[in-house]
J.: 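Supplied in structure tokens, the structure appears directly below.
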Amino acid sequence: MSPMYFSFTSAFILGLMGLAFNRSHLLSALLCLEGMMLTLFIATAIWSMTLNSTSSSIIPMILLTFSACEASTGLAILIAASRSHGSDKLQNLNLLQC
């Protein structure tokens with residue numbers, strides 16, 4: 001395994017582990033998700049450059065668009081939760097209540 005692929009894999013795994021084990025605040029969970037998405041974006045961009053195909057060059061841009069939508073939705077949820085509950089701690093949020 002080349003060092004480049006090892007660094008992308010380890011960055012994605014670190015983001016996944018941060019999401020799985022550090023679930024105290026919503027903002028930290030959103031940052032872990034964003035790190036995972038950026039790792040996937042860089043990996044697909046390098047993959048499409050190595051293929052030298054014009055049909056696969058749109059895939060990183062679609063992934064980046066979905067990542068931006070995910071980030072804006074996450075920030076909207078973070079603002080709504082902090083306004084209604086007073087903090088962004090995940091223990092205080094009960095999603096079953098209205």
Side-chain angles (χ1 to χ4, degrees):
M1 180 181 280
S2 70
M4 182 176 63
Y5 293 125
F6 177 72
S7 64
F8 289 143
T9 305
S10 63
F12 186 80
I13 299 273
L14 282 174
L16 189 64
M17 287 176 56
L19 185 63
F21 296 130
N22 190 12
R23 295 189 298 181
S24 60
H25 293 280
L26 183 59
L27 185 61
S28 64
L30 290 175
L31 284 174
C32 290
L33 279 175
E34 195 65 30
M36 290 168 55
M37 290 298 286
L38 287 176
T39 304
L40 285 176
F41 168 72
I42 293 171
T44 55
I46 290 174
W47 173 69
S48 68
M49 286 191 323
T50 57
L51 285 180
N52 291 330
S53 174
T54 58
S55 63
S56 66
S57 64
I58 194 70
I59 294 172
M61 295 306 292
I62 292 172
L63 185 67
L64 192 62
T65 304
F66 284 132
S67 176
C69 293
E70 174 259 332
S72 65
T73 305
L75 286 176
I77 291 171
L78 175 70
I79 290 171
S82 65
R83 283 185 181 173
S84 64
H85 295 292
S87 71
D88 68 334
K89 286 196 172 212
L90 290 176
Q91 294 172 351
N92 295 341
L93 300 177
N94 189 358
L95 298 178
L96 298 177
Q97 291 180 346
C98 292

J.: Identify whether L16 and L38 are in the same connected component of the hydrophobic contact network (ILVMFWY, side-chain heavy atoms under 4.5 Å).
T.: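 Not linked; separate clusters.
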
J.: Give the other cluster members for M17, using side-chain heavy-atom distances under 4.5 Å between Ile, Leu, Val, Met, Phe, Trp and Tyr residues; answer none if it is isolated.
T.: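 Traced through the cluster, M17 reaches I13, F21.
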
J.: Considering only distance and modelled atom types, tabulate donor-acceptor pairs under 3.5 Å from the side chains of residues 25-36, sequence neighbours left out.
T.:
residue: H25; atom: ND1; partner: D88; partner atom: OD1; Å: 3.0
residue: S28; atom: OG; partner: H25; partner atom: O; Å: 2.9
residue: E34; atom: OE2; partner: S67; partner atom: OG; Å: 3.1

J.: Apply side-chain contact (heavy atoms from CB on, under 4.5 Å) to Y5 and list each qualifying residue two or more places apart in sequence or on a separate chain.
T.: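 Scan of Y5 (side-chain contact (heavy atoms from CB on, under 4.5 Å), adjacent residues dropped) gives M1, S2.
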
J.: Mind checking the CZ-OG1 spacing from F41 to T65? Nearest 0.5 Å is all I need.
T.: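 Nearest 0.5 Å value for the CZ-OG1 distance: 9.5 Å.
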
J.: Quick one: which residue pairs count as a side-chain hydrogen bond (donor to acceptor under 3.5 Å, both in side chains) with a foot in residues 36-51, not counting sequence neighbours?
T.: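 Listed by first then second residue: nothing to list.
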
J.: Suppose clustering is done on Ile, Leu, Val, Met, Phe, Trp and Tyr with side-chain heavy atoms closer than 4.5 Å. Which residues sit in the same group as L14?
T.: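 Other cluster members: none.
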
J.: To the nearest 0.5 Å, what is the distance between OG (S82) and CD1 (I77)?
T.: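 Between S82 OG and I77 CD1, I get 12.0 Å after rounding to 0.5 Å.
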
J.: If you measure from CG on L40 to CG on L64, what distance do you get to the nearest 0.5 Å?
T.: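 Output value for this atom pair is 11.5 Å.
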
J.: How far does CG of L78 sit from CZ of R83, to the nearest 0.5 angstrom?
T.: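 That separation rounds to 10.5 Å.
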
J.: Within the 4.5 Å heavy-atom criterion, are I62 and I59 side-chain neighbours or not?
T.: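 The answer is no, as the side chains (C-beta and beyond) never meet within the 4.5 Å cut-off.
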
J.: Any link between F6 and F12 through a network of hydrophobic side chains (Ile, Leu, Val, Met, Phe, Trp, Tyr) touching at under 4.5 Å?
T.: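 Linked within one cluster.
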
J.: For S72, enumerate each residue passing the side-chain contact (heavy atoms from CB on, under 4.5 Å) test, keeping only those at least two apart in sequence or located in another chain.
T.: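 S72 satisfies side-chain contact (heavy atoms from CB on, under 4.5 Å) with no residue once adjacent residues are dropped.
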
J.: Within a 6.0 Å radius of atom CE on M61, are there more than 12 heavy atoms belonging to other residues, nucleotides or ligands?
T.: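 Atom CE in M61 is not packed in, count stays at 12 or less.
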
J.: Could you tell me the separation between the CD1 atom of I79 and the OG atom of S84, rounded to the nearest 0.5 Å?
T.: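 I79 atom CD1 to S84 atom OG measures 12.0 Å (nearest 0.5 Å).
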
J.: Got a donor-acceptor contact below 3.5 angstrom from the T73 side chain to the E70 backbone?
T.: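 Absent.
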
